Number of protein chains: 2
Amino acid sequence: MAKTSQAAGLHRASLTKLHDLDAALELMYYGWRGMTLEADEYLAKQGLSRPHHRILYVVARRPDIAIGSLIEILGISKQALNRPLNLLLERKLLTSKRSPEQHRSKLLRLTAAGQRVEQRASDHERKVLREAFDRVGAPGAAAWMGVMEAIADAN
Amino acid sequence: MAKTSQAAGLHRASLTKLHDLDAALELMYYGWRGMTLEADEYLAKQGLSRPHHRILYVVARRPDIAIGSLIEILGISKQALNRPLNLLLERKLLTSKRSPEQHRSKLLRLTAAGQRVEQRASDHERKVLREAFDRVGAPGAAAWMGVMEAIADAN
DNA sequence: CGCCTCATGTCAACCATGTTGACTTCAGAG
DNA sequence: CTCTGAAGTCAACATGGTTGACATGAGGCG
């Protein structure tokens with residue numbers, strides 16, 4: 001047992017805090033990991049990963065989205081989108097069809113199977129959030145959202 | 001201008017919310033991006049990236065750490081650590097030396113230059129957090145920490 | 001009809017970050 | 001001198017990105 005390999009857990013290392021915000025900084029890191037861990041495990045079991053989930057997530061919330069718009073939202077190149085997208089089409093988690101009038105673009109939509117996978121993966125993430133929110137109550141949750149909005153819009 | 005390429009910004013896409021926690025879920029995503037964006041840009045200018053920063057961050061808070069411990073904390077394989085670590089040593093941002101009595105392991109330490117880079121990169125991240133905390137006040141910040149701890153320890 | 005444009009698709013080369021597995025080297029312990 | 005533990009190194013591979021170049025398919029229009 002050379003490798004410690006609690007692997008997934010990766011206990012929040014207790015490092016000396018050089019600055020008062022170091023704890024918050026590390027919490028952001030471990031928070032992201034904590035939220036996505038179970039979802040990633042579920043996705044891996046389906047032979048999928050984070051990029052696939054991101055596609056499913058967006059298409060679920062923008063049915064009939066065109067590929068170009070998807071590229072914009074995901075912020076990756078069309079070549080980078082290509083492989084995961086084709087996998088999802090092959091697996092019939094997504095369908096694409098030309099729109100009736102706007103024939104130039106293809107419209108993406110989730111199949112029932114795709115909805116199921118998207119929902120289960122996202123559920124894992126939402127479950128973590130829900131439990132955390134439950135622990136601190138509605139005011140705490142609202143405060144969290146306020147801080148995260150400020151951080152997200154920092155740029 | 002085929003590509004929209006607000007690149008770094010990647011405006012928080014306004015997606016239809018299918019669940020009440022979707023907003024929180026997306027905030028975690030964009031929060032992480034928001035916190036790390038400027039730091040990553042700074043690191044890129046130095047020819048470094050996130051893994052290098054993680055090494056520097058840990059070594060800064062655990063001077064004289066052995067390589068094996070660093071591997072454990074970072075949660076990656078020794079081969080994965082190898083390249084970024086060697087780059088940092090070549091660039092003289094880190095030093096390694098055998099310990100006086102425990103000659104088997106090498107101890108890592110930041111050089112003055114290494115400290116500078118670590119500090120500047122982390123400062124970018126702390127700045128984002130500080131501004132967000134300032135906007136919501138101490139109670140909001142405390143609530144945020146509480147939620148993040150619950151999320152981080154979900155596993 | 002022929003041509004232009006736009007959205008999409010595809011191919012190739014490349015890079016960074018990670019993985020396993022196998023092997024070497026160095027240094028102290030016995 | 002041999003064993004062991006920490007570290008270093010080499011090779012093969014997977015994944016998720018990048019650019020650049022080029023092909024295809026469908027309207028728009030002169």
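Just so it is clear: chains get the letters A, B, ... in the order the sequence lines come, proteins before strands, and each one is counted from 1. Predicted, not measured: the structure shown is a model, and the values here were computed from it.
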Verify salt bridge (charged side-chain N to carboxylate O under 4.0 Å, His left out) between B:Arg126 and B:Asp123, making sure each step is shown before the conclusion.
CA-CA 5 Å; B:Arg126 284 188 294 257; B:Asp123 270 346; 2.8 Å; yes
Flag the pair B:His124 / B:Leu37 as yes when at least one side-chain heavy-atom distance between them is below 4.5 Å, and no otherwise.
no
Need one value for B:Arg83: base, sugar-phosphate or nothing, where a base atom within 4.0 Å counts as base even if backbone is also close, heavy atoms only.
base
Nearest whole angstrom, please: distance from the [atom2] of [N] to the [atom1] of [X].
X       : N      : atom1 : atom2 : value
B:Arg54 : C:dA16 : CZ    : P     : 18 Å
B:Leu74 : C:dT19 : CG    : C1'   : 16 Å
B:Leu87 : C:dG18 : CG    : C1'   : 17 Å
A:Leu81 : D:dG16 : CG    : P     : 13 Å
B:Leu48 : C:dT17 : CG    : P     : 10 Å
A:Lys97 : C:dA7  : NZ    : C1'   : 17 Å
A:Leu70 : C:dG9  : CG    : P     : 11 Å
B:Arg98 : D:dA7  : CZ    : C1'   : 7 Å

Candidate nucleotides [options], ranked by approach to the side chain of [X] - the nearest:
X       : options                : value
A:Lys78 : D:dC22, D:dT9, C:dT17  : D:dC22
A:Asn82 : C:dT8, D:dG16, C:dT10  : C:dT10
B:Ile67 : C:dT20, D:dA7, D:dG17  : D:dA7
A:Pro51 : D:dG17, C:dT19, C:dC26 : D:dG17
A:His52 : C:dT17, D:dG16, D:dA6  : D:dG16

For [N], take OP1 and OP2 only and decide whether either is under 4.0 Å from a side-chain N or O of [X].
X        : N      : result
A:Lys106 : C:dG9  : yes
A:Ser77  : D:dG17 : no
B:Ser105 : D:dA6  : no
A:Ser49  : D:dG16 : yes

Is it true that atom NZ of A:Lys17 has more than 12 heavy atoms of other residues, nucleotides or ligands lying nearer than 6.0 Å?
yes
Donor-acceptor check, side chain of A:Thr111 to backbone of A:Leu93, threshold 3.5 angstrom: yes or no?
yes
Assess the residue pair A:Arg61 and B:Asp22 against the criterion (salt bridge (charged side-chain N to carboxylate O under 4.0 Å, His left out)); give the C-alpha distance rounded to whole Å, side-chain angles, the decisive distance to 0.1 Å, and a yes or no.
CA-CA 10 Å; A:Arg61 283 148 188 83; B:Asp22 279 357; 2.9 Å; yes
Taking the nucleotide of DNA chain D with the closest heavy atom to each, which residue, B:Ser69 or B:Gln79, is nearer the 5' end?
B:Ser69
